[in-house]
Amino acid sequence: MTQGRRWRELGFLLPAAALGALAAGSVAASRTDELDLTPLPGALVILAVFLVMHMVLRVRAPLADPYVLPIVGVISGIGLAAVYRVDPSLAQDQVIWFAIGGAVFVGVIALLPDPRVLQSYRYLIGLGGVALLLITMAFGTTINGAKLWIELPGGQTVQLGEVAKVLIVIFIAGYLRDKREVLAIPDRSIGRIGLPAARHFGPVVVLVALALALVVVLNDFGTALLFFGAFLAMLYMATGRIAYVGAGTALFAAGSAVVYAAVPRVRDRVDAWLHPFDDPEGRGFQLVQSLYALADGGIGGRGLGKAFLVGEDGQRVIPALETDFIFSAVASELGYIGGVAVLLSFLLLMQRGFVISSEANDGFSKLLAGGLTAVLALQTLLIVGGVVRLVPLTGVTLPFMSYGGSSVVTNFGLIALLLAVSHRSRAGVPVRRRRGRE
Amino acid sequence: MNTSIRRIYLAFTAGFLALILLLGYWQVVAADSLNDRPQNPQALQREKRVDRGTITTSDGILLAESTSKRVAGQDEFSRSYINGALAPHVVGYSSTREGKTGVESEYNRFLAGSFGDQPILDRLRRETKRGANITLTLDSRVQQAAVDALSGQRGAIVALDPTTGAVLAMASAPAFDLSDVESGFEAIRTADGSPLLNRATQGRYPPGSTFKVVTATAGLSTGQFVPSTRFDDTGSFDTPGGPIQNFGGAVFGDHNMIEALTRSINTTFARIGTTLGPSGIGNAMDGFGFGEEPPIDLPDDQVVASGRFDGGSLLPNDEAGIDTARIAIGQERLAVTPLQMALVAGAIANRGTMRQPYIVESAVDRGGKTVYEARVNDLKQSASAEVSEQVADMMTRVVLEGTGVAAALQGLSVAGKTGTAETEDAARNQAWFIGFAPAENPIAAIAVVIEDTSGTGGSVAAPAFADVMRAAVTAKG
């Protein structure tokens, strides 16, 4: 019964598809009083993308976790309907990005039967990630004050940072797999805190420096936080030592304080976070408008397509509605109930990711799955936290929901890696020598 | 390693929990206060989805209703005003651009359907909000008579039922048409004569001799004077602020207090005022509610207090060291609203008890349930029943044989008092008339003010009073 998991996956994908179709249908119905079939082709493409992913899993990774794909399907369905609701033409683009993302997913599953081979290429991959960031620093286009995008000749923009985030997680997983023992067993101590030899921390210092450089050069506090948070989570995973997390956090906090003092844009964001209603027409505008939209949604929401999010002239009520604030659009129209449902979907996805991580039977796979999951979870916490005023706003995307090709494509690659790890650990076939249970 | 993974999972789960709690704070706990913020564009949009209730007069004439059209698959409502020029200041407008005034503002809660505590299940059901229908106390016939009486002039008329406080008519001229607010607000706002101003509640005028009703009440209430108290007029009364003369330089010789009010003898009332002093006059003014905004159900910024002013600021009614001789005859920077003077007439008409004025009779939801009903409230005990009867008798004489004969109505005993306040232009006056009828069983108490006229209270304001009173009697049946 090796296909039992895949049947379960299919069984959950069908209601996910129905939900997505219902969401797109209600948006279409709210636009006119007539039957509107324009979202149908896009919906069929998305359905096909998920079915192809499902079929590829049947062939190449039949033992992979059966819940990840349906959860991603639910989130994607609501996300696509929300983008379609904000601007139908953006939804068309987004469907294409989902198709490309599906292709990347298929590619990863097909070409990477055993993710452990990545361990051998860790430094190459790490360098690749750094290179992508450096390219962004050197040639990036500044949009909304942050330098995150590379403009392609066709006018398209890509966010290489999104891809870099996966590459760097792979690198950290490989690196920590090597250094686990030396990091976990201190060879000297300051007071009661044990410290390993300084040389083991070389790459760590490079990473911290890189993260802060990201903030200063790219004005991208969110991605920096993401990298650093994922790194700390993985460091803790590898060593089990909370002191590292504490030290890393303190280091990052000190760095952030300097950045806050030095970079006006960061200061504005933090001020807008602390006192949004002091300047509701200026700095606080985005957040205040978002809070109004959330309040308007109330408990049950007005229903998809029925809230006041886009004016008659197509002007968004909240700037960056289809990207940073896509969650506001959903929570405004589906209300608190819908907002919580979306958050619980992300929570479930994260739970599957950590289950995959803990089920993996080698250190690298554990760290890889855990790191990728931490990136997804942190990204969700950061952007939704920004929208509900838990943390200052950072321009990271909401996985599978925000409009944007780089994010969608990368996240499908990320999910594919997770599922590859899941299948491999279930299959239990060691590539090289087996090191026993970790 | 799995222990660490579990801990990280728990830490992130705590983060998600924080998101869920905070989201709940914004969408449930703080939602109402966010929705009420004035700059909230969501609120304006919400307005378009509300089927506001109608506004009708007490005799069933429709003044405001909401009409719907389908826009992008949703019902969108807009306000239409029928008879928009009948009572624009009272009804007010409800415009997404210009905001709300009048009853549209004051009773928005009912008109917009958010009255009462909505159970949580109702808040979940986001159907079209349907507001309650409002019935005004205004009677269209009385209101129309008031509008007609002011036609072509500037001024205001307030008519109320003195036994309840219900406002039967409230007109201010120049006026505007509520239907023009959405399309031509700027033209209305800048038009000659400030038509947006509700002169009935916001216009302050020197009361002139109508204030002698207050002075007479003060004199009788202290017991220092009775209707038969005799006075001798020499045509002039000396005060520290200079001599006071009678209107037109008349000399009346020997007379009593009844005749003093009937003929509106300045010198005698100046003498009474001097005798009473600041506390005597002040107490009576307190009793009639001078110095406070009348608590009528209109927005606060559309109602002003009456009293004695120094520059822009209101002085206490019993301010020491003031010229009570001049206050007694309605001068000395006294400034009063027509509503205030209608309340004075109403208190005398209702045996000394002033009722709280009100404009909305009831609000009934679409299911036929009454969700609001006006109550008759006592506002002030302005005078004893005995004193108010004495003053009423004197006022009846004013219309029978004095300055107010033009206010007389066939078959009715009318009580009233004229007033003619001088303006900066010696040839122009502010003409007043306040009164009520029938004197023994009053149907209406009315105050009329006509701005900037060559006529007097007796020649232009008294006939307007008669027209409106006739309509009130007819309406009463």
Side-chain angles (χ1 to χ4, degrees), chain A residues 29-33 180 233 236-240 242 277 280-281 288-289 291-303 305-308 312 317 331-332 335-337 339-340 343-344 346-347 350-351 354 357-358 363 366-367 370 373-374 377-378 380-381 384-385 387-390 438, chain B residues 1-49 69-76 96 118-129:
Chain A
S30 73
R31 287 179 190 276
T32 72
D33 285 336
R180 254 191 89 194
Y236 177 68
M237 228 180 277
T239 64
I242 198 77
F277 289 101
E281 297 298 316
V288 165
Q289 295 304 316
L291 294 179
Y292 285 158
L294 291 180
D296 184 64
I299 299 168
R302 295 194 177 281
K306 291 191 172 171
F308 177 55
E312 279 160 35
V317 170
S332 176
Y336 184 48
I337 294 171
V340 170
L343 288 176
L344 290 180
F346 277 107
L347 184 64
M350 174 185 86
Q351 192 258 352
F354 283 126
S357 171
S358 51
K366 274 183 187 295
L367 286 167
T373 308
L378 266 175
T380 310
L381 287 173
V384 180
V387 167
V388 301
R389 241 188 107 196
L390 183 66
E438 314 238 353
Chain B
M1 211 188 284
N2 284 358
T3 314
S4 313
I5 292 172
R6 191 172 310 117
R7 285 194 184 138
I8 290 170
Y9 167 61
L10 289 176
F12 282 149
T13 303
F16 274 93
L17 197 65
L19 292 186
I20 288 172
L21 289 177
L22 203 52
L23 185 65
Y25 174 75
W26 296 117
Q27 297 207 270
V28 184
V29 181
D32 284 348
S33 71
L34 282 169
N35 288 339
D36 285 346
R37 282 187 174 256
Q39 297 86 15
N40 187 340
Q42 300 282 343
L44 288 182
Q45 203 60 27
R46 209 160 22 239
E47 197 86 325
K48 290 189 185 166
R49 294 189 289 249
K69 63 174 196 279
R70 286 297 271 186
V71 175
Q74 295 196 52
D75 282 329
E76 208 166 81
T96 46
Q118 276 181 293
I120 204 141
L121 277 175
D122 277 7
R123 278 162 63 181
L124 275 174
R125 240 185 290 129
R126 290 288 199 124
E127 292 163 357
T128 304
K129 264 192 173 175

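Per chain, numbering begins at 1; letters A, B, ... match sequence-line order.
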For chain B, which candidate among [options] shows the most heavy-atom pairs at distances under 4.5 Å?
| options | answer |
| --- | --- |
| A/Leu343, A/Val387, A/Val288, A/Leu378 | A/Leu343 |
| A/Ala331, A/Gly370, A/Gly339 | A/Ala331 |
| A/Val340, A/Leu381, A/Leu367, A/Leu390 | A/Leu381 |
| A/Gly335, A/Ala238, A/Gly303 | A/Gly335 |

**Item:** Any donor-acceptor N/O pair, B/Gln27 side chain to A/Leu294 backbone, under 3.5 Å
**Value:**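 At least one qualifying donor-acceptor pair exists.
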**Prompt:** Counting N and O atoms only, with roles assigned by atom type, does the side chain of A/Tyr336 sit under 3.5 Å from a partner on the main chain of B/Ile20, one being a donor and the other an acceptor?
**Reply:**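 Yes; at least one donor-acceptor contact below 3.5 Å.
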**Message:** Taking side chain as everything from C-beta outward and backbone as N, CA, C, O, which of these in B/Thr13 sits under 4.5 Å from a heavy atom of chain A? Side chain, backbone, both or neither.
**Reply:**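 Both backbone and side chain.
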**Contacting moiety of B/Arg6, where chain A heavy atoms sit under 4.5 Å** =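 It is neither, since no heavy atom gets under 4.5 Å.
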Considering only heavy atoms, which portion of [X] lies under 4.5 Å from any heavy atom of chain B: side chain, backbone, both, or neither?
| X | result |
| --- | --- |
| A/Phe346 | both |
| A/Val317 | side chain |
| A/Ile242 | neither |

Could you tell me the separation between the [atom1] atom of [X] and the [atom2] atom of [Y], rounded to the nearest 0.5 Å?
| X | Y | atom1 | atom2 | result |
| --- | --- | --- | --- | --- |
| B/Asn2 | A/Phe354 | CG | CZ | 12.0 Å |
| A/Thr380 | B/Phe12 | OG1 | CZ | 10.0 Å |
| A/Ser357 | B/Ile5 | OG | CD1 | 3.0 Å |
| A/Arg389 | B/Leu23 | CZ | CG | 14.0 Å |
| B/Tyr9 | A/Met350 | OH | CE | 5.5 Å |

Show the nearest heavy-atom pair for residues [X] and [Y], with the distance to one decimal.
| X | Y | result |
| --- | --- | --- |
| B/Leu34 | A/Tyr292 | O-CE2, 3.7 Å |
| B/Gln42 | A/Phe308 | NE2-O, 3.0 Å |
| B/Trp26 | A/Val388 | NE1-O, 2.8 Å |
| A/Gly240 | B/Ser4 | CA-OG, 3.6 Å |
| B/Ile8 | A/Ala233 | CD1-O, 3.1 Å |

